[in-house]
**Q** 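Got a structure for you, written out below as structure tokens; questions coming shortly.
In what follows, every chain begins at residue 1, and chains take the letters A, B, ... in the order their sequences are listed. Note that this is a predicted model, so its numbers are computed, not measured.
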Number of protein chains: 2
Amino acid sequence: MEQHRKAKLEEKGFRVGTAAEFLGLKPEEETYIEIRLEISGLVKSQRKKRGLTQQQLARAIGSSQSRVAKMEAGEPSTSLDLMIKTLLRLGISKKQIGNLLTGKLKPDLETA
Amino acid sequence: MEQHRKAKLEEKGFRVGTAAEFLGLKPEEETYIEIRLEISGLVKSQRKKRGLTQQQLARAIGSSQSRVAKMEAGEPSTSLDLMIKTLLRLGISKKQIGNLLTGKLKPDLETA
DNA sequence: TTTCGCAATATCAAATGTGACATATTTTAT
DNA sequence: ATAAAATATGTCACATTTGATATTGCGAAA
């Protein structure tokens, strides 16, 4: 169970301790991944909500379809910087990003 | 005035349009910089609050004093990823980071 | 089935971020 | 004032992120 989750993370390129259990992830490391996943999730739901394809969003931010896909998958090879820039381009405000992190974002905004 | 601000940003390495005025910065670009500066500001105030030197914080996050300085200065050569990891290492929670962005962070937390 | 539009995955060279280090500048204490 | 500690700034080799491109998978018509 936890084992499987660890495997998924490693597979995606995240460093998960030595031979240590997934539980070996420091709380801060877990939170960091959480933050990334929440933000990338919002990118995905907002794009869909606006009826854009990955290709269209890619053009809007001067990137490529494959990078958008990786971003939405929360792959570690994409930066928070790019995710934040993308959200802003999608019309999401700083305050809304804050609400996402505090868990107070209007639910319909997280939905496709 | 705005001219001077533009110069400061360019000087730090931020792309500020062609020959365009600082006002040429798209709102999203301005917000992106705002977000970075708010987060880097919190790194600085939190480090001081805990009575750590840049050197000590650097060791704690496996980095160097010079990078901490650059991070606190909000220089574009440092990533949001590193800033967030640093805040988490300083004990700041995801929720607190959210509150920073919504403008609802307890004032004493932003203070040195 | 086949075709079509979209998304996922892999690879790669170029661009950007990185820690380390050296050195300058500022701040603090005596 | 001046020495010491902390911070700022510049450079560089190395690592990671990037857009581009190609390819594959996948579901929805036809």
**Q** Where along residues 42-50 of chain B does a heavy atom fall under 4.0 Å from DNA chain D?
**A**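 Heavy-atom contacts with DNA chain D come from Lys44(B), Arg47(B).
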**Q** Under the side chain to side chain contact (heavy atoms under 4.5 Å, CB included) test, which residues partner Ala58(A), sequence neighbours left out?
**A**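 Per chain and number, Ala58(A) pairs via side chain to side chain contact (heavy atoms under 4.5 Å, CB included) with Val68(A).
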**Q** List for me each residue that meets side-chain hydrogen bond (donor to acceptor under 3.5 Å, both in side chains) alongside Ser79(B), sequence neighbours excluded, and say none if there are none.
**A**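 Applying side-chain hydrogen bond (donor to acceptor under 3.5 Å, both in side chains) to Ser79(B) gives none.
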**Q** Can you sort out the partners of Gln54(A) under side-chain hydrogen bond (donor to acceptor under 3.5 Å, both in side chains), two or more places apart, ordered by chain and number?
**A**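 Testing Gln54(A) for side-chain hydrogen bond (donor to acceptor under 3.5 Å, both in side chains), a comparison that skips the adjacent residues, returns Gln65(A), Glu72(A).
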**Q** Base, backbone or nothing for each nucleotide of nucleotides 17-30 of chain D, written B, S, -, heavy atoms under 4.0 angstrom, 5' to 3'?
**A** SBBBB---------
**Q** Which residues satisfy the side-chain hydrogen bond (donor to acceptor under 3.5 Å, both in side chains) test with Arg67(A), sequence neighbours excluded?
**A** none
**Q** Mind grabbing the angle between the end helix axes of the helix from dT1(C)-dA30(D) to dT30(C)-dA1(D)? Five pairs an end, 10° rounding.
**A** 40°
**Q** Could you work out, with salt bridge (charged side-chain N to carboxylate O under 4.0 Å, His left out) as the rule, every residue matching Lys49(A), not counting sequence neighbours?
**A** Asp108(A)
**Q** Suppose we screen for side-chain hydrogen bond (donor to acceptor under 3.5 Å, both in side chains). Which residues come up paired with Asn99(B), at least two apart in sequence or across chains?
**A** none
**Q** For Glu28(A), give me all partners under side chain to side chain contact (heavy atoms under 4.5 Å, CB included), at least two apart in sequence or on another chain.
**A** Lys26(A), Leu88(B), Arg89(B)
**Q** Which pairs count as salt bridge (charged side-chain N to carboxylate O under 4.0 Å, His left out) when at least one residue sits in residues 51-60 of chain A, sequence neighbours excluded?
**A**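 Every candidate salt bridge (charged side-chain N to carboxylate O under 4.0 Å, His left out) pair involving residues 51-60 of chain A fails, so no pair, neighbours aside, qualifies.
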**Q** Partners of Lys94(B) by salt bridge (charged side-chain N to carboxylate O under 4.0 Å, His left out), sequence neighbours excluded?
**A**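 For Lys94(B), the residues satisfying salt bridge (charged side-chain N to carboxylate O under 4.0 Å, His left out) (neighbours in sequence not counted) are Glu34(A), Glu38(A).
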